[in-house]
Number of protein chains: 2
Amino acid sequence: MARLAGVSRATVSYVLNNTRAVRISEPTRLRVREAAEQLGYVPHAAARSLRAGHSRTVVMPAPAFPAGPLYTRFLGELQSALGRLDYTVVQYGGAAPYGDDAARAWAELRPIAVLVPGPGLGPGGVEVLKRSGARAVVTLGPEPVEGAHALVLDQTAVGHAAARHLYERGRRRVGVVLPEEPGLRIFSSPRLRGARSALRGTGATLTELPLACAEDAAARLAARWDALALDAVFAYDDAYAMLLSRALQDHGVTLPGRTAVIGADDLMLGPLLRPRLSTVRLELPAGQDLAALVDRAVRDPGAAPERHTVRGVTVVHRESS
Amino acid sequence: MARLAGVSRATVSYVLNNTRAVRISEPTRLRVREAAEQLGYVPHAAARSLRAGHSRTVVMPAPAFPAGPLYTRFLGELQSALGRLDYTVVQYGGAAPYGDDAARAWAELRPIAVLVPGPGLGPGGVEVLKRSGARAVVTLGPEPVEGAHALVLDQTAVGHAAARHLYERGRRRVGVVLPEEPGLRIFSSPRLRGARSALRGTGATLTELPLACAEDAAARLAARWDALALDAVFAYDDAYAMLLSRALQDHGVTLPGRTAVIGADDLMLGPLLRPRLSTVRLELPAGQDLAALVDRAVRDPGAAPERHTVRGVTVVHRESS
DNA sequence: TTGAAAGCGCTACCAC
DNA sequence: GTGGTAGCGCTTTCAA
């Protein structure tokens, strides 16, 4: 490459990086650019970051479960915002199981920042990452982690708003769906806690309703509906709400007449159901905001971990409640 | 690290990589392991691949749009299969726009293989990647790309099966929904072509129905339904099918009595609709199979590009058709 | 059985 | 303005 342009490797580096401290003549620049084009030259990221002592790579684990469209959009925004701040965002996929092993795997890439949604990172993992040179570790989920910045998505607020809404609509016997999928526990149990706290001291009752994400499970639950005598149900999220609504309607339960239903996360399908599904939406921050947090943390790695709690919720009242 | 264990850096490398060509005494191994543990030592992937001249990183672009659960599961399978084959899978997210610029950005990571779903990679991009040392470039989508291996998902087969199914059920005036989202064109236009070819020469008519993914757009389309006088509609996919079904039912059109509806991609919501939604599912290969293709291509980079076409489809006949 | 040293591709410092 | 060169962390060959 340097040979083809008839200059030294250093000059090539100067030209391609537009190094301003050094002034290169226009003809030389041109020759270098042409040679690069012709050879299809692409710089070697590994060599560059080895030399620089750091990369501008932000690592996130690739989501393991199909995420909702809301979250997907948030992720997309976040990535392009980080891109605009000149970070390279990389989702680490593959066999790496969650836990401190995963942290070690991420650390091998020497990322400048690590962004972990959900659980799956303990204080040990944070320590490993920081020692490997990560200047910012940000968790994103229901629980903060020792030593890391956190965007805490307060799922109790979702449960609280849902239960409160049902109570205000005059309902007194409230069921709360608990998905049996173990991966959802981290979300469902704070939602349950929130619902419980909203009803505490009101005289209304709360009934836990474990439910697998399958039609027959929903049908079995619906079959017990008379015995349960619930006049309202918070269905964990809109998908479960749809599942359960369907089963209840097939079972002859009128919605919202006999039982009010409310979901969460404002999925696209809510307004398409009949009755249109009421839902609770947690106000995710804009991707830009989280990107800005990351950038701030990178610039000032010494600062105390920021902890932002998102507990703003919107109840979208449609017809089912 | 080497200092703490009182050995040379070479010895450390031997121990941590279990290099079999060299025999290290047990006490030394132990000392090294302990020091590594204590320091939280994590190898430096960039340095390693710089030295080795190649990495075992497989790069894919991060999906820009919310993907269906079917595809998400496929992706997850693929990633863990590649992980088991000892590749590191990395989804490249961020500002990198599609096109040859994206290929250059990926090439900076010097991946051993690149996997690109959808369009967004031209022959030029393939060339860049190969020159940068990628031993396998695999595209995954409706169209193969010059010079790259391809898993061709033949979307025409989906449209063909849907239209044929409707025809066999006695329908003669078939509408085909075309999403207005530009990102879906690569899927919708071959689906349309397939439907057209299934009806060619049968005397049945085909009507194109452009539709935005919004309730009011669907309502407007439903309002024209009498004039259109269609007795069947292939709704592009299950989500659009749900949207349109809802609008038609609100408009008093009985399903499937007056109009049969069929979707595609067998989304989870299909069986929850009333009538239960018929759908067409493209038989994606198992993630393992694609992982195996990648591995084969990496081991034998000289081989001619493989081109596998997936055109196996299943019509899931429920109640809406 | 262990250590010394070269060199992967790149950038930054210094000499010309 | 441009070129020489050291050195980032690692693996591997060769010598001790």
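So you know, we letter chains A, B, ... as the sequences are listed, proteins then strands, and number each from 1. Quick note: numbers below take in every heavy atom, side chains included, and nothing from hydrogens, waters or symmetry partners.
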Q: D:dT11 C1' sits how many Å from B:R56 CZ, rounded?
A: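 These atoms are roughly 17 Å apart.
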Q: Within the pair B:T28 and C:dT2, is there a side-chain N or O less than 4.0 Å away from OP1 or OP2?
A: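 So the side chain of B:T28 is within the cut-off, an N or O lying under 4.0 Å from OP1 or OP2 of C:dT2.
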Q: Nearest to the side chain of B:N17, which nucleotide is it out of D:dA6, D:dC10, D:dT11?
A: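 My answer, after comparing the listed nucleotides, is D:dT11.
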Q: In whole Å, I'd like the distance from the CZ atom of B:R110 to the P atom of C:dC10.
A: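 Taking CZ of B:R110 and P of C:dC10, I get 7 Å after rounding.
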Q: Taking the side chain of B:H44 as heavy atoms from C-beta outward, which of D:dT5, C:dG3, D:dC10 is closest to it?
A: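 So the side chain of B:H44 is nearest to D:dC10.
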Q: From the set C:dC10, D:dC10, C:dT11, return the single nucleotide nearest to any side-chain atom of B:Y41.
A: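 The answer is D:dC10, which lies nearest to the side chain.
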Q: Rounded to whole Å, how long is the line connecting atom NE2 of A:H54 with atom C1' of C:dC10?
A: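 So the two atoms are 13 Å apart, to the nearest Å.
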Q: Which nucleotide in the set C:dT11, D:dT12, C:dA12 lies at the smallest distance from any side-chain heavy atom of A:Y14?
A: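 Of the options given, the side chain of A:Y14 lies nearest C:dA12.
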Q: Taking atom P of D:dG9 as reference, at what distance in whole Å does atom CG of B:L39 sit?
A: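 Distance, rounded to whole Å: 14 Å.
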Q: Start at the 5' end of DNA chain C and walk down; is the nucleotide closest to B:T11 or to A:R51 reached first?
A: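 First, find each residue's nearest nucleotide; the 5'-ward one identifies B:T11.
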Q: Taking any heavy-atom pair under 4.0 Å as a contact, classify A:S25: base, sugar-phosphate, or nothing.
A: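 Sugar-phosphate contact only - A:S25 comes under 4.0 Å of backbone atoms but never of a base.
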Q: Could you name each residue pair satisfying side-chain hydrogen bond (donor to acceptor under 3.5 Å, both in side chains) that touches residues 294-310 of chain A, not counting sequence neighbours?
A: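 Matches after skipping sequence neighbours: A:Y87-A:D295, A:D295-A:R299, A:R296-A:E306, A:E306-A:H308.
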Q: Please lay out, stage by stage, how A:L151 and A:V310 fare under the test side chain to side chain contact (heavy atoms under 4.5 Å, CB included).
A: CA-CA 7 Å; A:L151 186 66; A:V310 177; 3.9 Å; yes
Q: Answer yes or no: are there more than 12 heavy-atom neighbours, outside B:R131 itself, under 6.0 Å from its atom CZ?
A: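 Yes, CZ of B:R131 has more than 12 neighbouring heavy atoms, counting only those of other groups under 6.0 Å.
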Q: Would you say the side-chain atoms of A:D289 pair up with the backbone N or O of A:P285, donor to acceptor, closer than 3.5 Å?
A: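 Answer holds: no.
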Q: Looking at D:dT12, D:dG9, C:dT11, which one has an atom nearest to any side-chain atom of A:R9?
A: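 It is C:dT11.
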